[in-house]
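Report on the structure given below.
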Amino acid sequence: MTTLSQGPTAIEELGDWQRAVRDQFPIITGHPDLAYLDSAATAQKPQAVLDAVQTYLTTANANAGRGSYPWANRTTALVEQTRDRIRRFLDDPAPQRSAVHFTSGATEGLRTIARDWLPGLLTHGDEIVVPAADHQANIEPWQEAQQQLARQGVHVRVRPMPYQQASGDYDHTALARLAGPRTRLVAATHVHHVYGGNMNIHRIREAVGPDAVICLDAAQSVGHLPVSVADLDVDFGVFSGHKAMALPGTGAVWARQARGPAFTPGGWSGTPNTVGIVSLAAALDWLDGVGTDRIERWTVALASRLTDGLRRLDSYEVLGCQTSLAVDSPVQRRQGIVTFRHRDIGSGDLGFILFSHGFMVRCDHHCQGAGGEDGESVRVSLHVYNTVAEIDRLLAVLATLG
Ligand code: PMP
């Protein structure tokens, strides 16, 4: 694969930076014989996040929105400040108008939009487009909403988002053909959790026109690359905090509040996950500090190295995204996720063999919706703490398996 840029590669340019960043992850430096290659499932936490949690729990832990003593006030302020932090992180074009709702993760975020907000948007005969080859968290909630509406006599159509296996992106031409005036919402994924494709969201907007709502599942992009909801022109942005280096049980829905009814998730939801929210603010600060643009260049470069290496091994098939894989390519289609299969060795067995060499990867169906089911495969998902040496060792082990 040719390198398009004339200057130093991302790996050469960012090597010293990456070493210093990697040193900030105690679980990584504490286990030099292991390689964590499952960051699409959850990301490891830098020391800054661990410190923020420790500081909060030892200096200000209280409930939020209740009580008027200093710890309670501090907790309330931290929760509110984190909403603004999220707005800034996502490049919110109109922060005074948007809403930020905390959830336990992307799944709960998507479910909340589909259950609490979508029924107010749709009337009999409307259509929504759902990405049937993506994560089931971005499919089931929409189907459930359709069933819920049908019980009330409102029949809406759910159409599968056309997808192209070879390019690893949605088929925008087919989307433009199927979209019409009754297409009210398109649920899309920013980075595919199996194929690693960075989906072209601009082309979705072009295909469906200015009035349709776009709900973006950014679970695999937030924390991995710069995400600008202003640039992407989406109405919802949903992500999981734990994949963005915060604690598990955190996530958020960002809602622009421009197309359709206002997003006001219903009812009293009790005590928020204050510690998680504190960790999320710390994680976003940390990510902005190191730079999501550099994280993206690093993980894209590692993924390219792995993909190129796998292509040289006859026994392996790389799934999805068969184009634009050059290191530093201006079209960085594939992000830091590479999924593959061995011709003869089952993916479960391959995972077992890889762990015996210290590699932690995911080997199953990856929670993919039935519309894109490829069977079992091995997924390597990268983050800023992964190294060239890990990729080269992995390729060396894979090469010994024929
Ligand atoms: N969407 C995508 C694209 C994902 O990869 C995942 C998690 N693998 C989810 C949604 C669900 O995230 P969570 O489990 O944190 O709710």
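First listed ligand is number 1; within each ligand, the first listed atom is number 1.
- Counting only heavy atoms of the protein, atom 4 (C) of ligand 1 lies nearest to His135 CD2, 3.4 Å.
- Ring geometry for Tyr36 versus Tyr385: interplanar angle of 30 to 60°, hence tilted.
- Listed by atom number, the atoms of ligand 1 under 4.0 Å from Ala219 heavy atoms are 1 (N), 2 (C), 4 (C), 10 (C).
- Among all non-hydrogen protein atoms, the one lying nearest atom 5 (O) of ligand 1 is Gln220 NE2, 2.7 Å.
- Counting protein heavy atoms only, atom 8 (N) of ligand 1 is closest to Lys243 NZ, 2.8 Å.
- Thr107 OG1, 2.6 Å is the protein heavy atom nearest to atom 16 (O) of ligand 1.
- Residue Ser240 has at least one N or O atom closer than 3.5 Å to an N or O atom of ligand 1.
- Here His383 and His224 bring their ring centres to under 6.0 angstrom of each other.
- Not a single heavy atom of His190 sits under 4.0 Å from any atom of ligand 1.
- At a heavy-atom cutoff of 4.0 Å, ligand 1 is contacted by the side chain of Ala137 but not by its backbone.
- Taking the six-membered ring where the residue is Trp, the centroids of Phe236 and Trp117 are separated by under 6.0 Å.
- Under a 4.0 angstrom heavy-atom cut-off, Asp217 registers as being in contact with ligand 1.
- Of the heavy atoms in His192, none comes closer than 4.0 Å to ligand 1.
- The aromatic ring centroids of Trp286 and Phe89 lie 6.0 Å or more from each other.
- The existence of a salt bridge linking Arg205 and Asp211 is excluded, since no basic side-chain nitrogen approaches an acidic carboxylate oxygen closer than 4.0 Å.
- Interatomic distance, Gln257 CD to Gln96 CD, rounded to the nearest 0.5 Å: 11.5 Å.
- The two residues Pro272 and Asn63 come nearest to each other via the heavy atoms CD-OD1, 4.0 Å.
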